[in-house]
Amino acid sequence: MAEGDEDCCSEILKSDENGRPGETNLQEELQMFRARWMSELAPGVSSEAEVQSRKGAIRGSVGKAQDTKAKQEWAKEEKAKELFLKAAEKEQNGALYEAIKFYRRAMQLVPDIEFKINYNWSPDADGVGKNFIDDANDDSKMSDLLSYFQQQLSFQESSLKLCQPEYDVTQTHISVLPMEVLMYIFRWVVSSELDLRSLEQLSLVCKGFYICARDPEIWRLACLKVWGRSCVKVVPFITWRQMFLERPRVRFDGVYISRTTYIRQGEQSLDGFYRAWHQVEYYRYMRFFPDGQIIMLTTPEEPQTIVPRLRTKNSRTDAMLLGHYRLSQDTDNQTKVFAVITNKEEKSADYQKYRYFRRAPAQETDRSFHVGLQLCSSGRYRFNKLVWIHHSCQITYKSTGETAVTAFDIDKMYAPLFFARVKSFTAVSERPL
């Protein structure tokens, strides 16, 4: 730059010495100087612009690379999900070998895919994973079938009733009856004998009957029939039906039976060479009724013969005892059954037959048996076992007023009673619940 200035100055001086023509040369030199100066400044400006453009290009390429990588990761995870759901479907169908291959391929793509999977996700409308959605919906429906049926009926048209005939009938269908009359029929089915098994069978007819069979009032009356005033509130149970099914109680659709066997020593023979031993076997039956009455019978006859006679309380069987029972729940949450069973003896028939022989008549007595039992569950059945707690007999002589109490040893000849359900014990009462 300094050399150029010196040249310009020398040229200007030369032109001044020659006179006027030097001014025009000066203007030309100035123009050339400006042009040269601008040309020298231009490369610096272009280099800065190039640097900025290069930085922008680098940033754009990095952003594009990151976007491409994210898309690749997303595609890989979606592929792993599809493979994992295919493997789950194969495993559910029993194709374990194929399922292992799909599981392996999915974990090779995404090692922790089992924690990222959403089992309600489906890659296509009717492809893999639909089974999981259907199963989830089925479980939610079956968890509360009553509310599901009620919701379905509420979605129907208002003209439709609780139940509809499947085929066209000429006679009047039961769906024509009002709800109040229909509920009264259901109470007749249960009856005062609490035949709730027939109620459950009736609920299998249709959705409307299922809703009627779950009516809280029916189950509340059944609970009051069993426990009385001790079940005024449904707490801690959710519904009255749950209370009736889960709270300890005696069962009414069968008989509690125990078999006792022991060996008794007989009399010695006349010649004294041997003494006989006898094996004694007898059965004890207990039948409970919802109105608080109980039947107890001790006999050597087998259940095939005796059980049909215990269907009603009016059965005429010798040695049958009739009494009342009550349920008691102690602080240890053990339910006990206490019963008082009476047996009134009349004058002996032999005295009437042989009254001319002046035989002394037998004293008229009142016998009452006090029984204590503990209610238990055995196996997969509920409330099907009664364990003896105590058994005593109180005899009152009417002629003298004296009372004698005898307590029996329950450890020796008192086997637990086990419940046997009898299908023929259906409701025979003429009164509704």
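Every heavy atom of this structure was used, including side-chain atoms; hydrogens, water molecules and symmetry mates were not.
When side chains are defined from C-beta on, L83 counts as touching L109, because their heavy atoms get closer than 4.5 Å. Between L322 and I341, the closest side-chain pair of non-hydrogen atoms is not below 4.5 Å. Put simply, the side chain of C212 reaches to within 4.5 Å of the side chain of M179, judged on heavy atoms. By the 4.5 Å heavy-atom criterion applied to side chains, E200 and L202 are not counted as neighbours. Side chains of Q242 and T239 form a contact here, defined as non-hydrogen atoms less than 4.5 Å apart. Considering only heavy atoms from C-beta on, V250 comes within 4.5 Å of L327 through its side chain. Residues F338 and S328 are in side-chain contact: their nearest non-hydrogen atoms beyond the backbone lie under 4.5 Å apart. Residues M286 and I294 form a side-chain contact, since some pair of their non-hydrogen atoms from C-beta on lies under 4.5 Å apart.
Going from atom OG of S203 over to atom CZ of F209 covers 10.5 Å, rounded to the nearest 0.5 Å. Going from atom CD of Q394 over to atom OG1 of T406 covers 10.0 Å, rounded to the nearest 0.5 Å. Separating the OG atom in S198 from the CG atom in D253 is a distance of 10.0 Å, to the nearest 0.5 Å. If you take CG on L321 and CZ on F369, they are separated by 5.5 Å, rounding to the nearest 0.5 Å. How far CG of L417 is from SG of C376: 11.5 Å, rounded to the nearest 0.5 Å. Rounding to the nearest 0.5 Å places CZ of R249 at 8.5 Å from CG of L194.
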Would you sort out whether I389 and K336 count as a side chain to side chain contact (heavy atoms under 4.5 Å, CB included), showing the intermediate values?
CA-CA 9 Å; I389 300 176; K336 296 179 175 59; 3.6 Å; yes
Decide yes or no on side chain to side chain contact (heavy atoms under 4.5 Å, CB included) for F419 and K385, but give the supporting numbers first.
CA-CA 6 Å; F419 180 79; K385 182 179 179 181; over 6 Å; no
Can you list the steps and then say if R284 with R259 is a side chain to side chain contact (heavy atoms under 4.5 Å, CB included)?
CA-CA 7 Å; R284 185 176 280 112; R259 185 180 67 177; over 6 Å; no
Derivation and outcome, side chain to side chain contact (heavy atoms under 4.5 Å, CB included), residues H370 and S368:
CA-CA 6 Å; H370 296 260; S368 61; 3.6 Å; yes
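The aromatic rings of W227 and F244 sit perpendicular, their planes meeting at an angle over 60°, well past the 30° parallel limit. Ring geometry, W388 versus Y414: the interplanar angle exceeds 60°, so the pair is classed perpendicular (tilted spans 30 to 60°). Taking the six-membered ring where the residue is Trp, F408 and H391 present tilted rings, their angle falling between 30° and 60°.
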Please list every donor-acceptor pair under 3.5 Å in which a side-chain atom of residues 303-310 meets a protein atom from a residue at least two apart or in another chain.
none

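Residue Y256 forms a ring-ring contact (aromatic ring centres under 6.0 Å, His included) with just one option from F288, Y285, Y283, and that option is F288.
Checked against a 6.0 Å centroid threshold, the rings of F252 and F289 do not count as neighbours.
The two residues Q279 and T261 come nearest to each other via the heavy atoms NE2-CG2, 3.3 Å. Looking at every heavy atom in both residues, A213 comes nearest to F186 through N-CE2, 3.9 Å. The two residues A80 and V110 come nearest to each other via the heavy atoms CB-CG2, 3.8 Å. The two residues T312 and R287 have their closest heavy-atom pair at N-NH1, 4.5 Å. Scanning both residues, F383 and L245, for their nearest heavy atoms gives CE1-O, 3.7 Å. Across all their heavy atoms, Y103 and A88 have their closest contact at OH-CA, 3.5 Å.
In this structure, R104 fails the cation-pi test against F102, since its NZ or CZ atom is not both closer than 6.0 Å to the six-membered ring centre and inside 45 degrees of the ring normal.
Y381 OH: 12 or fewer foreign heavy atoms inside a 6.0 Å radius. At most 12 non-hydrogen atoms from other residues, nucleotides or ligands lie less than 6.0 angstrom from CD1 of I238. Other residues, nucleotides and ligands place more than 12 heavy atoms under 6.0 Å from the CD atom of E281.
With respect to E91 and K86, no salt bridge is recorded, no charged nitrogen being found less than 4.0 Å from a carboxylate O. Taking 4.0 Å as the cut-off between side-chain N and carboxylate O, R220 and E217 count as a salt-bridged pair. One finds no salt bridge joining E246 and R241 here, because no Lys/Arg side-chain nitrogen approaches an Asp/Glu carboxylate oxygen to under 4.0 Å.
Residues satisfying the side chain to side chain contact (heavy atoms under 4.5 Å, CB included) test with Q265, not counting sequence neighbours, are R275, W277.
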